[in-house]
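In what follows, a structure is listed as structure tokens, so that the remarks can point back to it.
In this text, all values refer to a predicted model and were calculated from it rather than measured experimentally.
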Amino acid sequence: MAKKTDLTQKCRQLLVDHNIPITRPRIVLLEILLQNKGPLKVEDVIKLSEGKLAVSSLYRIINMLKNLDLISEFQTPDNTKVIELSGIKDDHHHHIFCKSCGSVVDFELNNNLEKNLEQEIQLIESTHNISVLSHSLELFSICNPCKNQSSKR
């Protein structure tokens with residue numbers, strides 16, 4: 001039980017740190033995102049909430065937390081909405097998408113490659129007279145469980 005209390009306290013502190021009023025639905029969403037570490041489909045968040053989050057409330061909370069840079073939202077290749085915490089981890093990461101089951105996994109580039117990518121982005125900015133706000137590397141794959149399942153057919 002202490003673990004749940006610690007998680008709830010961490011969620012409360014996140015909201016306080018971002019000057020966001022504390023509500024039970026916001027705590028529930030943050031607990032789910034913290035417990036599951038990594039991107040989650042909105043449908044999965046709804047299932048994991050076990051009826052504690054109304055769908056309409058969830059979308060309002062996501063939009064509010066996204067506008068306050070506490071949540072990142074993106075689309076998978078099959079246009080499924082996925083969310084994850086942002087601004088909590090200091091690490092910049094990218095995503096691997098399984099084209100078969102739709103799973104999404106975070107990964108990080110090694111520091112040298114990430115630095116080279118940043119330098120390339122700076123060159124692109126100066127060449128095209130733009131300011132890049134962020135970047136993301138996406139890998140499209142077939143995960144091993146899907147690959148193994150298709151080979152059994």
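The ring-ring contact (aromatic ring centres under 6.0 Å, His included) check on Tyr59 picks up nothing, with sequence neighbours excluded. Every residue meeting the side-chain contact (heavy atoms from CB on, under 4.5 Å) condition with Arg60, not counting sequence neighbours, appears here in chain and number order: Ser56, Ser57. Qualifying salt bridge (Lys or Arg N to Asp or Glu O under 4.0 Å) partners for Lys66, counting only residues two or more places apart in sequence or in other chains: Glu73. Residues meeting the salt bridge (Lys or Arg N to Asp or Glu O under 4.0 Å) test with Glu31, sequence neighbours left out: Lys4, Arg24. Shown here are the side-chain contact (heavy atoms from CB on, under 4.5 Å) partners of Lys47, two or more places apart in sequence or in another chain: Asp44. Looking at residues two or more places apart in sequence or on another chain, you find a side-chain contact (heavy atoms from CB on, under 4.5 Å) between Asn116 and Gln119. Looking at residues two or more places apart in sequence or on another chain, you find a side-chain contact (heavy atoms from CB on, under 4.5 Å) between Leu58 and Leu29, Val42, Val45, Ile46, Leu53, Ile62. With sequence neighbours excluded, no residue satisfies side chain to side chain donor-acceptor pair (under 3.5 Å) with Asn79.
To the nearest 0.5 angstrom, Leu70 atom CG is 10.5 Å from Ile83 atom CD1. From Glu43, atom CD reaches atom OG1 of Thr80 across 6.0 Å, with rounding to the nearest 0.5 Å. Rounding to the nearest 0.5 Å places NE2 of His18 at 8.0 Å from CG of Leu68.
Within the structure, salt bridge (charged side-chain N to carboxylate O under 4.0 Å, His left out) pairs that include any residue of residues 110-128 do not occur (at least two apart or interchain). The side-chain hydrogen bond (donor to acceptor under 3.5 Å, both in side chains) analysis of residues 137-147, with sequence neighbours excluded, yields no pairs. Annotation: ring pair (Phe, Tyr, Trp, His ring centres under 6.0 Å) contacts involving residues 104-129, sequence neighbours excluded, comprise His94-Phe107.
Both Ile61 and Val16 belong to a single network of hydrophobic side chains, linked directly or stepwise wherever heavy atoms of I, L, V, M, F, W or Y lie under 4.5 Å apart. Both Ile20 and Leu7 are assigned to one and the same hydrophobic cluster, defined by single-linkage of ILVMFWY side chains at heavy-atom distances under 4.5 Å. No chain of hydrophobic side-chain contacts below 4.5 Å, direct or via other Ile, Leu, Val, Met, Phe, Trp or Tyr residues, connects Val104 to Leu40. Linking Ile, Leu, Val, Met, Phe, Trp and Tyr residues whenever their side-chain heavy atoms come within less than 4.5 Å leaves Leu139 and Val82 in two separate clusters.
In this structure, Leu123 stands alone, with no Ile, Leu, Val, Met, Phe, Trp or Tyr side-chain heavy atom under 4.5 Å from its own, directly or through other members.
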